[in-house]
Amino acid sequence: MGGWVGQVIGAINVVVLVVSLALEAWAFVHALMQKAEAFPAVETLQKGVWLALIGGTMLASLLFFAFGMLFAMIALIAALVYLLDVRPRIREISNGGRSW
C-alpha cells in the first residue's frame with residue numbers, strides 16, 4: 001500500500017508497538033521485583049518462566065517488528081495475562097489485600 005493509507009497504517013503499527021512495549025516493560029519489571037515464592041503461592045508459573053516469557057516475547061517483537069505485528073501481539077497478550085491475572089493475585093498475598 002502506498003500513499004497516505006500506508007503512512008496511516010505504519011503510524012498505527014508504531015503506536016501499537018510503543019503501547020505494547022510499555023505494558024510489557026511494566027509487566028516484566030513487576031515480575032522481576034516480586035519474590036519467587038509468591039508465584040507458586042498464587043498457583044501460577046514460576047517467576048523465571050514469567051520473566052522468560054514476557055522478556056523473550058518483548059525482545060522478539062522488537063527484533064521482528066519489520067516482519068509484522070505477530071510477535072508484538074503475542075508479547076502484548078503475555079503481558080496482559082500477567083498484569084490482569086497474576087499481578088492482582090500476587091498483590092493480594094503480598095500486602096494483605098491492600099490495593100495502592
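When a residue number appears, it is its place in the shown sequence, counting from 1. Predicted model only: the values in this text are computed from it and were never measured.
The distance from atom CD1 of Ile54 to atom CG of Leu80, rounded to the nearest 0.5 Å, is 10.0 Å.
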Distance-only donor-acceptor hits, side chain of residues 44-51, under 3.5 Å, sequence neighbours excluded:
residue, atom, partner, partner atom, Å
Thr44, OG1, Trp50, NE1, 3.1
Lys47, NZ, Leu32, O, 2.9
Lys47, NZ, Gln34, O, 2.6

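For Ala52, the side-chain contact (heavy atoms from CB on, under 4.5 Å) test picks out no residue, with sequence neighbours left out. Residues satisfying the side-chain contact (heavy atoms from CB on, under 4.5 Å) criterion with Ala75, sequence neighbours excluded, are Glu24, Thr57, Ser61.
Nearest heavy atoms, Tyr82 versus Ala31: OH-CA, 3.2 Å. Taking both residues in full, the closest heavy atoms of Leu62 and Leu21 are given as CD2-CD1, 3.5 Å, listed atom of the first, atom of the second, then distance.
Residues Ile90 and Lys35 have side chains not in contact (no heavy-atom distance under 4.5 Å, counting atoms from C-beta outward). Residues Arg89 and Val86 have side chains in contact (heavy-atom distance under 4.5 Å, counting atoms from C-beta outward).
Val81 and Met73 fall within a single hydrophobic cluster, where Ile, Leu, Val, Met, Phe, Trp and Tyr are joined by side-chain heavy atoms under 4.5 Å apart, directly or via other members. Follow the hydrophobic side-chain contacts under 4.5 Å out from Phe28 and you reach Leu17 in the same cluster. Side-chain heavy atoms closer than 4.5 Å link hydrophobic residues (I, L, V, M, F, W, Y) into clusters, and following such links, possibly through other members, connects Ile12 to Trp4. Under a hydrophobic-cluster definition in which Ile, Leu, Val, Met, Phe, Trp and Tyr are linked whenever side-chain heavy atoms come within less than 4.5 Å, directly or via other members, Leu63 and Phe71 are assigned to the same cluster. Hydrophobic cluster membership differs between Leu53 and Leu70, with clusters built from Ile, Leu, Val, Met, Phe, Trp and Tyr side chains linked at under 4.5 angstrom.
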